Amino acid sequence: LHTEESFRKKLKNCLSHLSSRKSWRYIGVWERSPEKERLHFHGVFYVPDGSMPGEIKEVSGYSFTSRRRQITHQSEYFKHKFGRNDFSKIEDREGLNEAVGYILKYIEKSGEKLVYSRGLSQYFISDVMEEDIVCKTGQEDKKLLLFDDFRCIDEGEIIGRVSKETIRKMRRAN
């Protein structure tokens with residue numbers, strides 16, 4: 001439906017609008033398919049209830065890669081605007097961990113930078129507990145990706161679960 005340039009531009013614009021108008025949050029990465037070099041986007045999205053435009057429909061098709069029938073969950077809205085797509089609901093922390101690992105695999109493979117919505121990055125000083133870490137990332141695993149309800153800790157004292165109120169109490173850093 002698009003050239004590579006128009007696809008990148010229009011998808012980023014669409015996601016930006018959904019983020020600002022419908023409170024979507026997302027993180028993802030661009031990738032090319034190995035055989036045809038087709039550009040596509042892998043992402044993890046927070047979609048508030050009732051904010052998905054259009055319907056998600058179950059579509060049965062054939063995968064030439066795995067040589068078997070497969071079922072995908074396609075958004076009619078994204079199909080009309082961008083073509084084939086596949087959405088899967090993340091049910092729990094384990095599913096989130098798998099999804100983030102999946103995206104990180106593409107960052108490492110392609111060298112692409114993360115694409116993410118406004119409202120995700122917060123810079124404050126906090127220790128974290130091991131069970132609040134989704135996974136380590138970055139060069140030499142020096143960065144941590146945290147679950148969205150992690151505990152903020154300042155000098156050994158648990159200040160609370162991350163929230164606007166808790167962040168206001170934390171020391172800041174650039």
Side-chain angles (χ1 to χ4, degrees), residues 1-122 132-138 143-150 162-164:
L1 298 176
H2 294 278
T3 65
E4 278 192 14
E5 187 178 314
S6 72
F7 175 54
R8 273 188 196 260
K9 183 178 178 179
K10 291 187 184 235
L11 182 60
K12 283 170 68 174
N13 189 45
C14 177
L15 294 176
S16 176
H17 286 176
L18 288 167
S19 176
S20 63
R21 296 174 183 167
K22 303 268 189 176
S23 299
W24 280 35
R25 297 292 176 255
Y26 61 88
I27 185 169
V29 66
W30 297 99
E31 194 241 346
R32 294 185 183 284
S33 60
E35 292 178 17
K36 296 184 180 178
E37 299 269 320
R38 183 181 55 83
L39 183 68
H40 56 280
F41 186 78
H42 294 270
V44 175
F45 300 86
Y46 165 72
V47 180
D49 288 341
S51 69
M52 175 64 86
E55 290 183 50
I56 300 279
K57 293 192 176 179
E58 197 172 274
V59 177
S60 179
Y62 183 79
S63 168
F64 290 98
T65 306
S66 63
R67 297 182 179 194
R68 62 185 178 97
R69 184 156 300 288
Q70 70 178 13
I71 293 177
T72 59
H73 298 90
Q74 291 195 30
S75 161
E76 290 292 312
Y77 174 81
F78 283 96
K79 183 177 182 180
H80 175 74
K81 287 178 118 3
F82 303 105
R84 193 170 62 103
N85 61 84
D86 189 7
F87 281 80
S88 299
K89 188 172 184 174
I90 298 173
E91 300 288 345
D92 53 24
R93 282 185 175 221
E94 185 177 320
L96 179 60
N97 197 358
E98 288 175 18
V100 170
Y102 186 74
I103 285 181
L104 291 175
K105 175 180 79 172
Y106 287 105
I107 293 170
E108 292 167 359
K109 187 166 93 173
S110 68
E112 287 273 353
K113 291 183 178 180
L114 277 175
V115 176
Y116 54 91
S117 59
R118 290 183 183 163
L120 284 186
S121 56
Q122 294 283 340
D132 288 334
I133 300 171
V134 176
C135 63
K136 294 180 179 184
T137 185
K143 293 184 179 182
L144 303 175
L145 184 62
L146 304 175
F147 286 107
D148 60 2
D149 63 347
F150 69 92
V162 68
S163 66
K164 287 181 181 180

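Note that the structure is predicted; figures quoted are calculated from it, not measured.
For His73, the NE2 atom is densely surrounded, since the number of other residues' heavy atoms within 6.0 Å is greater than 12. Heavy atoms of other residues, nucleotides or ligands lying less than 6.0 angstrom from CZ of Phe64 number 12 at most.
Atoms CZ and NZ, from Arg84 and Lys79 in turn, are 10.5 Å apart once rounded to the nearest 0.5 Å. Atom-to-atom distance recorded for Tyr26:OH and Leu15:CG is 5.0 Å, nearest 0.5 angstrom. Atom CZ of residue Arg25 and atom CZ of residue Phe45 lie 13.0 Å apart, to the nearest 0.5 angstrom.
Side-chain contact check for Phe41 versus Val115: some heavy-atom pair is nearer than 4.5 Å. Looking at Asn13 and His17, their side chains come closer than 4.5 Å, going by heavy atoms from C-beta outward. Glu76 has its side chain out of reach of His80: every pair of non-hydrogen atoms, C-beta onward, lies at least 4.5 Å apart. Side-chain contact between Trp30 and Leu11 is present, with heavy atoms from C-beta onward closer than 4.5 Å. Side-chain contact check for Met52 versus Trp24: some heavy-atom pair is nearer than 4.5 Å. Contact annotation: the side chain of Pro53 approaches that of Leu18 to within less than 4.5 Å [non-hydrogen atoms, C-beta and beyond].
Between Asp132 and Arg93, the shortest heavy-atom contact is OD1-NH1, 4.3 Å. For the pair Phe82 and Cys14, the tightest heavy-atom approach, listed with the atom from each and the gap, is CZ-CB, 3.9 Å. Ser19 and Ser117 get closest at one heavy-atom pair: OG-CB, 3.5 Å.
Applying the salt bridge (Lys or Arg N to Asp or Glu O under 4.0 Å) test to pairs two or more places apart or on separate chains, those with a residue in residues 3-17 are Glu4-Arg32, Arg8-Glu112.
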- [ ] Go through the steps to decide whether Ile133 and Leu145 satisfy the test side chain to side chain contact (heavy atoms under 4.5 Å, CB included), and finish with yes or no.
- [x] CA-CA 6 Å; Ile133 300 171; Leu145 184 62; over 6 Å; no
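Note on ring orientation: taking the six-membered ring where Trp is involved, the planes of His42 and Tyr102 are perpendicular (angle over 60°, cut-offs 30° and 60°).
Side-chain atoms of Asn85 come within 3.5 Å of backbone atoms of Gly83 as a donor-acceptor pair (strictly under, hydrogens ignored). With Thr72 contributing its side chain and Asp86 its backbone, the two residues share no donor-acceptor pair below 3.5 Å. Judged by distance alone, the side chain of Ser33 and the main-chain N or O of Glu37 form a donor-acceptor pair under 3.5 Å.
Residues satisfying the side chain to side chain contact (heavy atoms under 4.5 Å, CB included) test with Val44, not counting sequence neighbours, are Ile27, Ile90, Leu96, Ala99, Ile103.
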